[in-house]
Amino acid sequence: MLTEAEILTALRDCYDPEVKLNLVDLGLIYAVTTGPDPNSTPAWPRQWVKVTMTLTTPQCPASGLIFEQVNNRLAGVPDISKVEVDLVWEPKWTPHRICDAGRKQLGIE
């Protein structure tokens with residue numbers, strides 16, 4: 001079974017095209033939930049993944065691209081059979097959610 005850390009590592013390949021920072025370091029990924037998928041085909045032990053995330057703003061023009069990146073990146077992981085992305089607005093995203101490495105990259109320390 002993939003761990004949450006492994007899934008977050010994969011999601012670091014997904015970027016906000018306007019900010020040029022990955023979604024994890026930007027603080028847009030709120031939670032990752034996984035579980036075994038007994039209905040997967042082929043039937044080896046595969047799992048479903050649910051990503052709970054937000055966007056920097058409800059009017060984000062890149063929202064479709066961001067969701068597509070998340071779905072495509074995780075769908076490309078052989079152990080994952082099903083991906084669900086749950087968009088939430090609470091808690092509201094603020095720049096305080098950006099990790100230290102992300103702040104350095106953006107020049108806001």
Side-chain angles (χ1 to χ4, degrees):
M1 290 288 276
L2 292 170
T3 65
E4 178 180 358
E6 291 170 317
I7 293 167
L8 290 173
T9 296
L11 290 174
R12 281 192 168 85
D13 291 341
C14 302
Y15 284 80
D16 182 309
E18 296 177 314
V19 183
K20 307 294 189 230
L21 188 63
N22 75 68
L23 304 180
V24 176
D25 291 348
L26 191 54
L28 296 180
I29 307 298
Y30 285 176
V32 173
T33 311
T34 66
D37 184 355
N39 300 318
S40 71
T41 306
W44 74 77
R46 293 176 72 186
Q47 66 194 77
W48 55 264
V49 174
K50 178 179 175 183
V51 177
T52 303
M53 64 176 291
T54 195
L55 298 170
T56 55
T57 174
Q59 298 83 21
C60 178
S63 61
L65 176 63
I66 290 171
F67 296 138
E68 185 178 342
Q69 284 184 67
V70 170
N71 273 303
N72 289 345
R73 178 62 183 100
L74 295 180
V77 176
D79 291 342
I80 297 175
S81 60
K82 182 180 174 187
V83 177
E84 179 184 343
V85 179
D86 186 21
L87 177 64
V88 298
W89 298 110
E90 293 295 328
K92 183 178 177 182
W93 180 87
T94 69
H96 292 89
R97 294 193 54 88
I98 302 172
C99 74
D100 291 339
R103 289 177 178 283
K104 283 185 180 181
Q105 185 176 334
L106 295 174
I108 50 173
E109 296 182 51

Inset, instruction - Indicate yes or no for a side-chain donor-acceptor contact from E18 to the backbone of P61 under 3.5 Å, with no hydrogens or angles considered. - result: no
Inset, instruction - Determine yes or no for a side-chain-to-main-chain donor-acceptor pair under 3.5 angstrom, with R97 supplying the side chain and L26 the backbone. - result: no
Inset, instruction - Applying side-chain contact (heavy atoms from CB on, under 4.5 Å), run through L2 and T34 and close with a yes or a no. - result: CA-CA 8 Å; L2 292 170; T34 66; 5.9 Å; no
Legend entry - From CG (D86) to OG1 (T33), nearest 0.5 Å: 9.0 Å
Inset, instruction - Could you grab the distance from atom CG of N71 to atom CD1 of I66, nearest 0.5 Å is fine? - result: 12.5 Å
Legend entry - Donor-acceptor pair, side chain of Q47 and main chain of D79, under 3.5 angstrom: no
Legend entry - side-chain contact (heavy atoms from CB on, under 4.5 Å) evaluation trace for D16 with L23: CA-CA 6 Å; D16 182 309; L23 304 180; 4.2 Å; yes
Legend entry - Exam field: side chain R46 to backbone K82, donor-acceptor pair closer than 3.5 Å: no
Inset, instruction - Report yes or no: does R12 contribute a side-chain atom to a donor-acceptor pair with the main-chain N or O of D25 at less than 3.5 Å? - result: no
Inset, instruction - Locate the shortest heavy-atom distance separating K20 from Q105; write the atom from each residue and the value. - result: O-NE2, 3.2 Å
Legend entry - Transitive ILVMFWY side-chain link V83 to W48, under 4.5 Å: no
Legend entry - Check: Q59 and L55 side chains under 4.5 Å, non-hydrogen atoms: no
Inset, instruction - Calculate, to the nearest 0.5 Å, the distance between atoms CD1 and CG belonging to I98 and L106 respectively. - result: 5.5 Å
Legend entry - Cluster check L11, Y15: I/L/V/M/F/W/Y, side chain < 4.5 angstrom: no
Legend entry - NZ/NE/NH1/NH2 to OD/OE distance under 4.0 Å, R73 and D13: yes
Inset, instruction - Any chance you could measure L65, atom CG, to C14, atom SG, to the nearest 0.5 Å? - result: 9.5 Å
Legend entry - Flag, side chain of K92 to backbone of W89, donor-acceptor distance under 3.5 Å: no
Legend entry - Closest non-hydrogen atom pair, R103 against H96: NH2-CA, 3.1 Å
Legend entry - Co-membership, hydrophobic cluster, residues W93 and I108, 4.5 Å side-chain: yes
